[in-house]
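Report on one structure; see the data block that follows.
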Amino acid sequence: MAAAHQLTTTHHPSSAPPDAAESSFAWRVEEAKLLWAQGQERVAVSISQSLLPAARPNKQGSLLPYARLLSLTAKWLAQTRFESSSAILGSMGEAADALVTSGMQTGRVACRVMYRLAHHADTLYAAIQAQKQSPDWNTAQAVIKQKRQQVSLLQQQLQLRTQRGEVKKNAAGEVTDRESRVLLYQISTMMRPIQFDEEETTTLQDSEARYLLLALTNYHRCLLAGGRYDLQVVFRLFQLWFTLGTHKSVNAQLATSFREVPSYKLLSLVYQIASRMSAAKSGPYYESGFQATLQSLLERLAVEHPHHSLYQLFALKNGNRGKDGKAAQAGDVVGGMAVTVDHDKVAAAHDLIAVVAANPARKAIVEQVNQMIEAYIHLAALPASSDGAAMMFPSSLRRRTRDLSLVPVVSAPVDVDPSCRYDNLPHFSHFGDSISFVGGINKPKLIQCFDSVGHCHRQLVKSGNDDMRQDAVMQQFFALINNVLQESPDTQKRKLKIVTYKVVPFSPASGLLEWVEDTVPVHDYLTGKDKHSGAHKRYKKRGDMAFAQCFQAMHKAKRNQLRHTFDHVTAHFSPVLHHFFLETFRHPAHWFERRLQYTRSVAVNSMAGYIIGLGDRHSHNILLDRKTAEVVHIDLGVAFEQGRFLNTPELVPFRLTSNIVDGMGATGVEGVMRSCCEKTLGVLRENKESLITVIEVFIHDPLYKWAMTPLGAQQRQKDDSMVGDSSPAEPQSAVAVGMPSEAVPGTDTTLANADAERALLRLKQKLAGMEGGQGEARGVKGQVQQLLQDAQNPDKLCKMYVGWSAWL
């Protein structure tokens with residue numbers, strides 16, 4: 001290090017030839033970065049500051065190296081706090097302005113420079129917000145208010161004396177009587193600290209507004225400059241917009257951004273944007289321009305990306321469609337449920353779709369999407385046969401969907417096209433000949449759908465009390481986690497990802513799920529669909545209990561005998577999941593690769609599920625992919641730790657029972673499982689700011705009803721003679737769709753906001769490594785260790801709901 005420091009004091013780029021100077025300059029910049037990475041912050045900052053004069057270009061030189069170094073230096077100064085915030089903002093602003101004035105506002109360097117400025121301004125804005133919400137601030141404001149009241153009383157006394165003629169003044173107009181002079185002195189004395197505090201408050205509010213505008217402006221510039229920070233920036237912009245929607249200045253700034261930023265960058269939150277639509281022509285959100293900005297944005301998205309936006313708009317337009325597929329009025333009873341209709345959103349969506357359809361380039365596709373959705377709603381409402389036997393596909397629906405050449409298959413993935421052309425997409429051709437039914441209360445329909453190139457897509461069409469919007473939102477979150485994992489070299493090289501599938505709601509009571517091909521529920525593989533066959537039957541050891549015997553033993557066990565009974569059951573129910581790999585992947589190398597992929601998949605799903613608080617992970621809700629051996633989680637309606645509030649609370653962070661561990665091989669949770677858990681959780685914690693922003697947008701979504709109600713809790717844990725009778729593809733909604741909010745305790749706005757804040761707090765604690773009410777934060781390895789222990793703790797597992805089958 002001493003040698004490196006000596007080099008920094010002996011090399012002077014300004015005294016060397018041009019080529020040598022450039023080489024020396026680049027070398028010293030890299031040296032500063034290395035020193036910073038090694039923890040030598042002060043030396044690194046000193047070197048970078050000393051290089052700034054040499055980096056400043058002459059008239060012919062490029063501003064790019066100077067702007068890059070100036071921005072980097074300011075970033076380091078912000079992290080070390082070696083200079084004031086105003087000086088740091090000035091340096092970052094100078095770097096950004098230099099690029100803009102020189103016409104170099106696009107590209108990787110410009111994107112990074114703009115982001116650093118916006119993020120630092122946003123950090124200062126958030127700090128002021130936190131200060132204004134602190135108890136000290138509230139106390140100070142209360143003191144100012146109280147002093148103002150005291151001054152007002154004194155002024156009233158003085159005014160009363162004036163009215164009575166008791167105030168005496170000399171020829172110069174000065175008050176001479178003693179009592180009036182005392183009152184004036186008290187007023188003057190009390191006003192000095194009030195004026196000081198109010199000036200300080202005004203300065204703080206001015207800084208807050210300035211930082212907010214700076215952040216919004218440069219987030220906008222960042223999105224125009226490049227794509228490196230699209231994920232973080234877009235979610236933060238929408239979070240600020242949804243929070244500050246009543247501010248005219250914010251709407252004006254963002255209206256410009258939404259017109260100029262490429263529309264494909266704004267598609268990720270179309271669900272959450274659409275859910276805030278309103279047809280109201282009054283109120284703060286209308287008067288501030290929020291609704292006008294929102295509807296203009298949605299119109300642009302629907303016109304430029306119809307395949308990614310129209311279905312969300314139609315789902316809102318169909319918000320008055322009941323379980324039978326027909327339009328219903330508020331208070332109507334459909335399928336035994338009272339219907340609640342948000343006419344405001346229905347009207348707003350109807351009007352917006354009409355605007356999009358008026359565009360000649362999109363009229364035909366809007367009409368065809370509408371025909372397709374109507375066909376699916378009608379199909380979802382068709383009654384099943386009493387015995388659940390397959391039936392022929394209705395010829396009337398086949399005729400209605402004959403000529404839909406502009407609509408891709410709904411469940412097929414359509415890549416976002418930045419050019420908005422969407423040419424030569426495989427389009428819908430026809431439905432299959434028959435409809436089959438899978439188990440469940442509402443008998444979801446399994447159909448085949450063929451595209452124009454002959455590919456068959458199987459789909460699950462559902463109707464009932466399930467709001468599939470919840471599953472759709474959770475798929476959004478998993479896709480975002482995949483993006484985060486993809487950006488990290490450690491998780492990317494291990495191919496850590498969550499398997500996602502497409503969920504498309506058509507109305508509050510109907511929708512479609514992409515059928516995940518070549519999968520089998522863990523429960524079906526282990527016990528068979530009849531719960532009396534499967535791998536446990538095939539590989540049963542002498543003296544082992546059957547699944548039904550285990551169920552009955554745990555079901556009948558008294559509370560004080562749960563642990564003893566659980567130990568007895570697990571001792572006589574040997575895990576057999578490792579046979580899945582021996583049966584399915586015959587070649588040794590293939591077997592090894594797939595078992596490794598399974599273990600990695602379990603790890604990333606466990607950590608993501610823990611962070612999001614995903615519950616109800618019984619073995620019907622976890623599928624095994626027969627080709628890749630990855631696990632696929634379905635029925636995602638219990639999230640944000642709502643499983644803790646079921647009638648029988650869920651005590652484990654994720655499913656890690658003996659069979660799940662058995663599939664990992666001889667090492668169990670040690671080795672690959674633990675390593676991948678640590679890598680995944682480490683990446684999620686490193687990106688906690690982005691994840692918190694994303695989840696805050698999700699849980700404050702007015703249409704996303706994730707909070708558990710008593711009815712939802714009861715439906716989730718029905719005391720059937722053998723749990724699993726409800727299909728794995730037939731989730732029970734956390735909130736029964738159609739039930740009026742006033743009939744469901746705890747769905748009022750105030751309590752919903754409190755639930756949301758609690759969920760956010762728990763998520764922040766998890767991403768900070770704080771668990772179980774402990775004030776001390778754990779490192780990633782310590783946190784993973786605790787989670788793995790909790791997930792396998794027999795004292796917790798024995799108290800799980802019997803239908804969760806903790807012994808399986």
Side-chain angles (χ1 to χ4, degrees), residues 1-85 87-121 123 218 221-222 225-229 232 487-490 492-493 682-683 686-687:
M1 189 59 65
H5 182 66
Q6 183 179 1
L7 285 171
T8 65
T9 58
T10 58
H11 283 73
H12 297 280
S14 58
S15 60
D19 291 344
E22 290 179 8
S23 175
S24 177
F25 174 81
W27 182 87
R28 295 189 69 197
V29 170
E30 293 303 316
E31 179 192 12
K33 292 179 181 178
L34 177 62
L35 291 169
W36 177 269
Q38 293 175 340
Q40 300 293 319
E41 291 94 347
R42 190 173 293 277
V43 180
V45 169
S46 177
I47 292 175
S48 63
Q49 286 179 323
S50 69
L51 291 173
L52 284 173
R56 192 182 298 274
N58 54 31
K59 293 182 179 181
Q60 292 78 27
S62 171
L63 281 168
L64 201 63
Y66 175 69
R68 181 196 290 120
L69 182 60
L70 182 59
S71 176
L72 177 63
T73 304
K75 173 192 171 185
W76 288 348
L77 289 171
Q79 293 181 9
T80 56
R81 299 183 181 180
F82 287 166
E83 289 191 7
S84 66
S85 296
I88 294 168
L89 271 182
S91 297
M92 289 184 171
E94 181 185 347
D97 292 341
L99 294 177
V100 172
T101 55
S102 62
M104 305 170 67
Q105 63 267 37
T106 59
R108 188 165 55 90
V109 173
C111 184
R112 184 182 296 121
V113 168
M114 305 303 178
Y115 178 75
R116 285 173 180 165
L117 172 56
H119 185 263
H120 185 61
T123 301
N218 287 282
R221 287 175 167 180
C222 177
R228 174 66 179 83
Y229 303 98
Q232 302 96 310
E487 291 178 358
S488 170
D490 281 342
Q492 183 185 29
K493 71 181 181 182
V683 169
E686 288 172 6
N687 291 270

> Atom CG of Leu51 and atom CZ of Arg28: how far apart are they, to the nearest 0.5 Å?
Replying inline: 4.5 Å
> Hey, what do you get for OG (Ser85) to NE2 (His120), rounding to the nearest 0.5 Å?
Replying inline: 4.5 Å
> If you look at every heavy atom in Ala96 and Met114, which pair is closest and at what distance?
Replying inline: CB-SD, 3.7 Å
> Are any non-hydrogen side-chain atoms of Ile47 and Trp36 less than 4.5 angstrom apart?
Replying inline: no
>> Enumerate the side chain to side chain donor-acceptor pair (under 3.5 Å) contacts for residues 90-101, please, sequence neighbours excluded, ordered by first and then second residue.
In response: Tyr66-Glu94
>> Could you report the tightest heavy-atom contact between Ser102 and Leu63, atom names first, then the distance?
In response: CB-CD1, 3.5 Å
> Do His119 and Tyr229 come within less than 4.5 Å of each other through their side chains, counting heavy atoms only?
Replying inline: no
> Of all heavy-atom pairs between Ser488 and Val683, which one has the smallest distance, and what is that distance?
Replying inline: OG-CG2, 3.4 Å
> Between Arg221 and Asn218, is any pair of side-chain heavy atoms under 4.5 Å apart?
Replying inline: yes
Donor-acceptor pairs under 3.5 angstrom involving side-chain atoms of residues 71-79: please list them, not counting sequence neighbours.
unit_1 : atom_1 : unit_2 : atom_2 : d
Ser71  : OG     : Arg116 : NH1    : 3.3
Thr73  : OG1    : Ser48  : OG     : 3.3
Thr73  : OG1    : Leu69  : O      : 2.8

> Do Gln38 and Leu35 pass the side-chain contact (heavy atoms from CB on, under 4.5 Å) test, and can you show the C-alpha distance, the side-chain angles, and the key distance before you say yes or no?
Replying inline: CA-CA 5 Å; Gln38 293 175 340; Leu35 291 169; 4.0 Å; yes
> Roughly how far, to the nearest 0.5 Å, is the CZ atom of Arg228 from the CD atom of Glu487?
Replying inline: 5.5 Å
> Shortest non-hydrogen contact from Gly227 to Cys111?
Replying inline: N-SG, 4.4 Å
>> My understanding is that only residues two or more places apart in sequence, or in another chain, count here; which of them pass side-chain hydrogen bond (donor to acceptor under 3.5 Å, both in side chains) with Gln492?
In response: none
> Between Lys493 and Asp490, is any pair of side-chain heavy atoms under 4.5 Å apart?
Replying inline: yes
> So how far is it from Met104 CE to Leu99 CG, rounded to the nearest 0.5 Å?
Replying inline: 6.0 Å
